Structures are given as C-alpha cells and as structure tokens.
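Model, not experiment: these values are computed from the prediction. First the proteins, then the strands, lettered A, B, ... as listed; each starts at 1.
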Amino acid sequence: MTHLVIVGNGISGVTVARHVRKRSDMKITIISAETKHFFSRTALMYAYMGHMKFENMKPYEDWFWEKNRIELVFDFVSKVDTDSKKLSLKSGKEISYDKLVLATGSKYNKFGWPGQDLDGVQGLFSWQDLELMEKNTANPVNRAVIVGGGLIGIEMAEMLLTRKIPVTFLVRESRYWGGILPLEEGTLVKRHILEHGIDLRLNTELGEILPDENGRVRAVITKDGTEIPCQFVGLTAGVSPNVKFLEDSKVETGRGILVNDYLETNVPDVYSLGDCAEIKTPEGERNRLEQLWYTGRMQGEVLAKTITGERTIYERGIWFNSAKFLDIEYQTYGQVFGELREGEAKFYWEHEDHKHCLKVVFDEKSHVVIGLNVFGIRLRHDVCEKWLKEQRNLEYFLENLVEANFDPEFYESFEQSVADAYNTQFGKTLKAKTKKGFFASIFG
Amino acid sequence: MNATTPYFEETHEHKDLSGVKKIGLALVSLGFLLLFVSASGIAKEQPTLFSILIFGSIMVGTLVYVLPQLKEGPAGIKNNNIFFDSMTSKGAAAWVAGIFITGFYVLLYWFPQYLENWIRILDPLSFALSGGPASQWFLYGTFYTIAVVFMGVRMIVKYRHNRYQIIRTASVMFFQLGFGFLIPNILKAFNQPEFYFTYFWPLKYDYLFPNSFEWLMSSGGIGIFMFFWGAVMTFIATPVLTYFFGKRWYCSWVCGCGGLAETLGDPYRQLSDKSLKAWQIERWMIHGVLAFITVTTIIVWLNSSFGGGILGDLSNQFSQTYGFLIGAAFSGVIGVGFYPIMGSRVWCRFGCPMAAVLGIIQKFWSRFRITTNGGQCISCGNCSTYCEMGIDVRAYAQRGQNIIRASCVGCGICAAVCPRGVLKLENGKVEGRYELNDYVKV
C-alpha cells in the first residue's frame, strides 16, 4: 500500500491528509514536533488572552484521526533522504515513504539585531512560542516593545494589553502595515492603535537590544538612539519558510521549497505547500510565497487530487484575505496595493467614527474595479468575487453594495453615505440600493 | 518622548477604574450579607427598609461594577481572561457559586419553610403589586427578574458595538420584567388568574392540562382568553413564527429561561460541551422529555375524559413524576444551579420540550440559518467556544456549510465573536439552505 508521509500538521498538511483520505485508501502518516494534534494557529492569541483553551483550538476531536486512519507521529524530522525515500527522526526512528509532503510552515524572522537571542526576546508562530511567551511575561513586565508593524505585531500588542502590559510598537514604515495598506487605511488603523493606548512609533527601527546582568532584555535602543526600557521584546518583522532541515537533501530550496504550479518539487514524489513552499513563476517575476491560512488550505485541496492521481494545477483565483486590527475587522478582495499602480484610480469613503471605511481601486479609464479594502463592514465573499470576475465598474459596486453586505441584522446601513461620498468626489448623482423593507425581508 | 515620531495624535491613556468596580462588588456583597442577616427574622420588623437595602445595594452595586466598562477602552469583543478566572472557568469560585445556587433551588422547591424570613421581607412589594403576601415564587420571581434586568445591562454594555445583541437583550429584559413578573402579579391584584402569556405548552406543560382548562374556563372572559391564547401560541404561533424566524424568536428573544441564560448565564456560555458525544446525548434527552410530556398530557386528558375511571391513579403519577423530575429538578435545580459548571443552557439544550418542538420545526421547515461567508473562515474556534448550545459552529464554517441545527437558539454570539466576518444569522428561502458554498472543497 502506498504510504503518504506528511511533515507538518498545520492547516496545509492536515488538509492534504483529509482530502487524500476522502479520495484514497493509502496509508497516511503526519509527523509533527509541535503538538500531537492539529490546532488552529490563528487562535494562538486567543489562548494567551484567556478567550480559549487548547481544547477549543483543535478543529477536530482527538478520535477523528484514528477514525480516519491518519497516523500521528509526534517527532522531529531531522533528515530527508530522497534516494532511499527515508526520513530520519530525532528520536532515532526512521520512516519510509512512497510519497512525501513537506508542509513545515514558517519561522519568525530575526535580522541579526544585536541582542536578538536574549531572554525575553521572541517572536510568535508556534505553540512553543506561545508557551515561551507565557514564561517571558510571567514575571512583572513594565513595558514590552514590539518590533515590526504587521499582523502578528498588532496581535501581540493586543495579547499583551490583556495582561495589562504597556506596549511600545516600533514600525519601520511611515504607516502601519505600510507595504500592504494604503495611506488612508493605515491612518485609520493607526488612530485605532493609539486609541488602545499603544505607544506607536512610526518611522522607527530597532537598533539594538540591551541585556541586564542575567542576560535578560532590559531595554532596546532605536536606530535614532532612543533607549526604551523594557522587559519583553516581540520580534514580529515577518516570517520565512522553515526549510533548514532540508539543507543536506536533494530537494531544491530558495527562500522556501521550490515548487511548480502543481506543488511538485524537483524530486519525484516529493511535494510542498503552504508557508514553506515557494511557487516558481515565469521568468522575470518574483517567486510567490503564500503565507496565509486560506492559501494553505486551498493548496491542500488541490495537492490531494494530484497525489491521488488527478494531477491538478493550483490557481489561487481572485485574491481575498482578512484580518482584525484590535476591534476593527478588515477584508480585502481583488488587488489593492499600498500605492496605486500605473493606470489605477481610487475611491475612498470613511465613516465619521473612523472605524468604518471602504477603498475601491479601479481602472482609471474603464472604471472596472480591480480590488477593494473594507474596514468595520462585513462583505460577502461570493458577491465580491462574482462582481470582480464580471469586471463590474465602480458605480455598479457602489450602487449594489447592499447586496454584498454581510453585517449582522439591525446594523447601521452605510450604502447611501458611501454613494454620497462618491457623488461628491466624482460629481455624480448615484443612489445606492437600500435594504429590503420589513415585509420583503420576511416573505422575500 | 521621541521627537522624530511623526504622528499627530497622542496615545490615548485609559483610566484605571478597577477601584470603582471594587466598590460595586462590595455593594453587591453587602446586599447578600444583609440577605443573610435577614434570614434570622430581624428583617420582618422592617421589611420595606430591608428590601430596599438588600435589593438596592445588589442592583446599584451591579451597575457600579458594570458601567465603568464603558470608559475602560473601545467597544469590541473582550472575552479577556475568561479561562483564567476561577468563576468562569470551573474553578473553586464556580463550584461555590454552583453549589450555592443549586442549594437555593432545592430549598425553594422542596423546603420553602427555611426561606420564610426572606419571603416575608418581600411582603411590601408583593402587596403593592398583587395585593397579597409574598410566596416563595414571588421571592424567586423577584430574584430572577433582577438578575435578568441587571445582568442584561451588563450584556448590553459588553456588546454595545453590536445592535443585534442590544435589541435582543432589551427584548428578554422587557419580556421578563413585564410578562414574567409585573403582569402576572398585577392580574392577581385584579382577582384574575396569575397567567404567564410568554409560556406555553409544552414548556409550561400544565397550561394544556385539564385542570388548567377548568381553572381558566371558570375565571370568566379573561380566563377563556388565556386558555385560547396558550393553545393558539402552541399550535399556530409557534410553527408560524419559527418558520419565518427560526426558534430564536422564542428562545433568545422572549423566553424567561432563555432570558436568564443570556444575561446571568452569559459569563458561562463557553462551558458548554462541544463534543459529538454531548450532541448524541442531547438528542436522546431532549426528544425523550418531549415524548414524556406528550404522553403525560394525553394520559391526563384521557383520564379526565373518562372521569378517572380507567387509568385510575396512573395519570396522577405521570404528571407528578414529570413535575418533580423535569419541571423542578431539571429545569430549575440543574438548569440554573449548574450554570457555573456546565454552561448556561443545560436545560434548554438537554431538557426543554418547547426547545425540542421549536428545534424540529427549525431543522425541517424554517427560513432561518446561519450563513458562512465564502472561504473566509480561519478555523480559530471562537464561534464554537462561545456557542452556549455546544454546537461546533466551526465544523460547519470551515466547510462552507450553513449552520442549520435544531438546537441553535439564534443568540448571534458566534457571529459577534467571529474575527473574520464569516457568520451571519439570516432568514431566506427554504430551498437550497442546506447547500454548501463553493469556496471550500469539503
């Protein structure tokens, strides 16, 4: 019987296992050194904040794996030998495979800052990182410094605030998540960060982390020479593929494990997906790293087909993503870049409470929508995707916005306020469609 | 601090209001202390003074504890430290509270004589409302209503950013205060039957028993109206409203049991058991209770129509057993007493026959469902954790499958705690509501 071995039990590896099981009877083994059972990495912050326990973080009950004949091995893969198709484990055991999936995820970046390995300095990616964070904040922390203005940084800030630890947030760019968010959205998030009492410092880079006599962090110094006393430093300047264990193997790596659009590596019967995979693109374009929950899951669905004999290309379709910045939810559909590209124009509406906004980027000439960012309002994924596929223009989006609304019942309607902003900015007289009336909503 | 920092606003400093909140807790404790003092009988001399002091300090104390949250930071989902707090994570405090409440219910149902001195301090209020002295049920109703109203304020403060939660909570507060407390007592003052318009068979099972029929029919026009009101609510309004809105129209908007669970019980919603095993037990139990009360109702009617001749004492035994096991022990003692250990909806989930009926309609003939939003689910599990009915919401959301479960009471908390905007309570066309969306390959 074919033996499929999956290294890594995150969303990518587990999705492959589940879908292969639905399609095939092959023997499946998942190896992980993180936790025995799959848990949702996205919920790490909620465990620290006391919203959840580890039990709540597991999407499947423990009996699920045995019932689906997925064997779980709690061990670390130290060597991959693709010639003999064998994996060496840290415990000394060896496991043979017929097909191998590498789904080892990421590790957080350290950019060689002096003092980056001191006690009390850490990033946040794994269950072990969370345990370390509990340990590092068990003793009184008068201030924490977070380095790197992305998604994990703001999550870490939120986590620390629930323990009443004051946070200074160092962001290299001139706005929060500067590489991704346009100025208006970045400003909205900044305002909200400040509202939460976080000491946000834009245009500020970490210079050095200083130790006390016991080798624990006592302060950081920024590149402009400011010293900030602190007892905890969060390193959240991005993540990169976890591929070190492949150093002596024949599997080709770049930034990550190099794969083609079928998620196949250079070695037959070896595949990779998720955070650790680097998808090769045609000459001239930069290879893609897709380090999202969604892409890991979608890649897993596709790869399971390929492994069970139906070779299938991974196409990511119309882009979407979401996040939550403290109390403000964010969704994005299509392509919105930090700066407008050639030939693009934008429409922006913001509620006077500064907690709801909508950005639409469209083609300057045709007004066909290229992408949208939305904060504080929930939109329907299927409707947005459909409109983007149908190449609807800006006016169509704004007129029919209510159809895409996914906010809970009784929420304030923003559609006409958005249309009014459009009318002011573009000298139009657009009237937005409104919610169904009371009787229509009951009987319609 | 840093001259080169270019931002224009200053970091917002939050006030530390923990001192004020402690005063609130102290007031609540003082109220309970006075309650214990009054058990000695001393309060009987000054019932008005004592009831104002006791209930006043509990009510004011709750507000003083709750309202400072408005100033403690921006509104949002703040379930911080719930699983670290002994009271809300089955710690020692939770066991103490659970045993205390359970014991109170035991006294209330079977040994009210030990609560006599407490009951007496409510005489002034009871006379003012109903024109008669207080009973153990008046004491219970007072406690119950205060809990729903004042913990309802807490719920509204907690979810002040969420209009669905504000309106829904206001609704359960209104129905408990008006229909669960004031109206039945005022009816008594006018020599009318003490009738609860918001409870129907099979939850209020005896409203369709022959003796209620006789009691109401003999109470004149209003009594006849009441009997028919109950029958119409059970057989017509229940299926129609559930078809249009799901069982939530009752369970999380009107019902007093639901009202208590959504207010006093809110801090315990995360304790519900989400396992498949619990779901299996739930289905047997709740439908078993429904069968039990249906059979009991049929037997008591048969017996009464045959003048007690054929079934003898059997029907009496049936209705007494049901009343003891389900009406008192399950819905009261376990249903509320076990909040701090098993979560806030134990009765609603495992026992309530009304919920069983509503659930069957919701599952098969309703426009209600919780929709999942494309592929946006990140499987974080907030929805499942905070589902008081123990539904594994995430299992559906991550498959892109609408949640249509008999037990769902439509409280909307799963949608509120979702950090990615994945869940929405909706009424829509019945056909196709079980279809999967295309974004996740199951």
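- To the nearest 0.5 Å, atoms CE (A:Met49) and CZ (B:Phe83) are separated by 12.5 Å.
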Show your working on side chain to side chain contact (heavy atoms under 4.5 Å, CB included) between B:Arg394 and A:Ser40 and close with a plain yes or no. CA-CA 11 Å; B:Arg394 165 175 54 195; A:Ser40 290; 4.1 Å; yes

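- The contact between A:Ser441 and chain B is made entirely by backbone atoms, counting heavy-atom distances below 4.5 Å.
- In this structure, no portion of A:Phe38 lies under 4.5 Å from any heavy atom of chain B.
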Test side chain to side chain contact (heavy atoms under 4.5 Å, CB included) on B:Arg367 and A:Phe443; report intermediate values, then the result. CA-CA 9 Å; B:Arg367 291 164 56 83; A:Phe443 299 106; 5.7 Å; no

Show, in sequence, the C-alpha distance, side-chain angles and deciding distance for A:His51 and B:Asn80, and conclude whether the side chain to side chain donor-acceptor pair (under 3.5 Å) test is met. CA-CA 6 Å; A:His51 294 208; B:Asn80 302 337; 2.7 Å; yes

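- Using a 4.5 Å cut-off between heavy atoms, A:Arg175 makes no contact with chain B at all.
- Of the atoms belonging to B:Thr88, not a single heavy atom falls under 4.5 Å from chain A.
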Could you go step by step and tell me if B:Asn162 and A:Tyr411 meet the side chain to side chain contact (heavy atoms under 4.5 Å, CB included) rule? CA-CA 7 Å; B:Asn162 186 316; A:Tyr411 268 40; 3.2 Å; yes

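- Summarising the local packing, NZ of A:Lys435 is surrounded by more than 12 heavy atoms from other residues, nucleotides or ligands at distances under 6.0 Å.
- For B:Ala395, no part lies under 4.5 angstrom from a heavy atom of chain A.
- Atom CG of B:Asn373 sits about 7.5 Å away from atom CZ of A:Arg380, to the nearest 0.5 Å.
- Counting heavy-atom pairs closer than 4.5 Å to chain A, the top-ranked of the candidates B:Val417, B:Leu276, B:Ile77 is B:Leu276.
- Contact residues of residues 376-384 of chain B toward chain A are B:Gln376, B:Cys377, B:Ile378, B:Ser379, B:Cys380, B:Gly381, B:Asn382 (heavy-atom distance under 4.5 Å).
- Closest approach of A:Arg297 and B:Tyr439 over heavy atoms only: NH2-O, 3.7 Å.
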Tell me, with the steps shown, if A:Glu409 and B:Arg248 meet salt bridge (charged side-chain N to carboxylate O under 4.0 Å, His left out). CA-CA 13 Å; A:Glu409 293 153 301; B:Arg248 58 180 170 155; 2.8 Å; yes

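- Remark: B:Gln280 CD is packed, more than 12 non-hydrogen atoms of other residues, nucleotides or ligands lying under 6.0 Å away.
- Here B:Lys78 does not pair with A:Glu158 in a salt bridge; the nearest charged N to carboxylate O distance is not below 4.0 Å.
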Test A:Glu61 against B:Asp392 for side chain to side chain contact (heavy atoms under 4.5 Å, CB included), laying out the working first. CA-CA 11 Å; A:Glu61 288 186 61; B:Asp392 188 1; 5.9 Å; no

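- Contact annotation for residues 418-427 of chain B against chain A (heavy-atom separation below 4.5 Å, listed by residue number): B:Cys418, B:Pro419, B:Arg420, B:Gly421, B:Val422, B:Leu423, B:Lys424, B:Leu425, B:Glu426, B:Asn427.
- Note on A:Leu326, A:Ile328, A:Thr162: by heavy-atom pairs under 4.5 Å with chain B, the leading option is A:Thr162.
- At a threshold of 4.5 Å between non-hydrogen side-chain atoms, the residues B:Pro74 and A:His196 count as touching.
- In this structure, the separation between CD on B:Gln398 and CD1 on A:Ile11 is 7.0 Å, given to the nearest 0.5 Å.
- Contacts between A:Arg163 and chain B at a heavy-atom distance below 4.5 Å involve the side chain alone, from C-beta outward.
- With a 4.5 Å cut-off on non-hydrogen atoms, A:Leu379 touches chain B through its backbone but not through its side chain.
- Shortest non-hydrogen contact noted between B:Gly375 and A:His381 is N-ND1, 2.9 Å.
- The ring-ring contact (aromatic ring centres under 6.0 Å, His included) check on A:Phe414 picks up A:Trp349, A:His351, A:His356, with sequence neighbours excluded.
- Residue with the most contacts toward chain A among B:Ala415, B:Ser89, B:Gly73: B:Ala415 (heavy-atom pairs, distance under 4.5 Å).
- Contact of A:Lys355 with chain B is made through the side chain alone, with heavy-atom distances under 4.5 Å.
- Per-residue heavy-atom pair counts under 4.5 Å with chain B were compared for A:Lys58, A:Met52, A:Lys324, A:Glu412, and the maximum is reached by A:Met52.
- Chain B forms the most heavy-atom pairs under 4.5 Å with one residue out of A:Phe410, A:Trp293, A:Tyr330, A:Phe406, and that residue is A:Phe406.
- Residue-environment remark: CH2 (A:Trp63) exceeds the threshold of 12 foreign heavy atoms within 6.0 Å.
- Looking at residues two or more places apart in sequence or on another chain, you find a side-chain contact (heavy atoms from CB on, under 4.5 Å) between B:Leu271 and B:Lys90, B:Tyr268.
- Taking every heavy atom of both residues into account, B:Thr385 and A:Asn56 meet most closely at OG1-CB, 3.3 Å.
- Interface residue A:Tyr46: only side-chain heavy atoms are found under 4.5 Å from chain B.
- More than 12 heavy atoms of other residues, nucleotides or ligands lie within 6.0 Å of OH in B:Tyr434, so this atom counts as buried by the packing criterion.
- Only the backbone of A:Ala47 comes within contact range of chain B, with heavy atoms under 4.5 Å apart.
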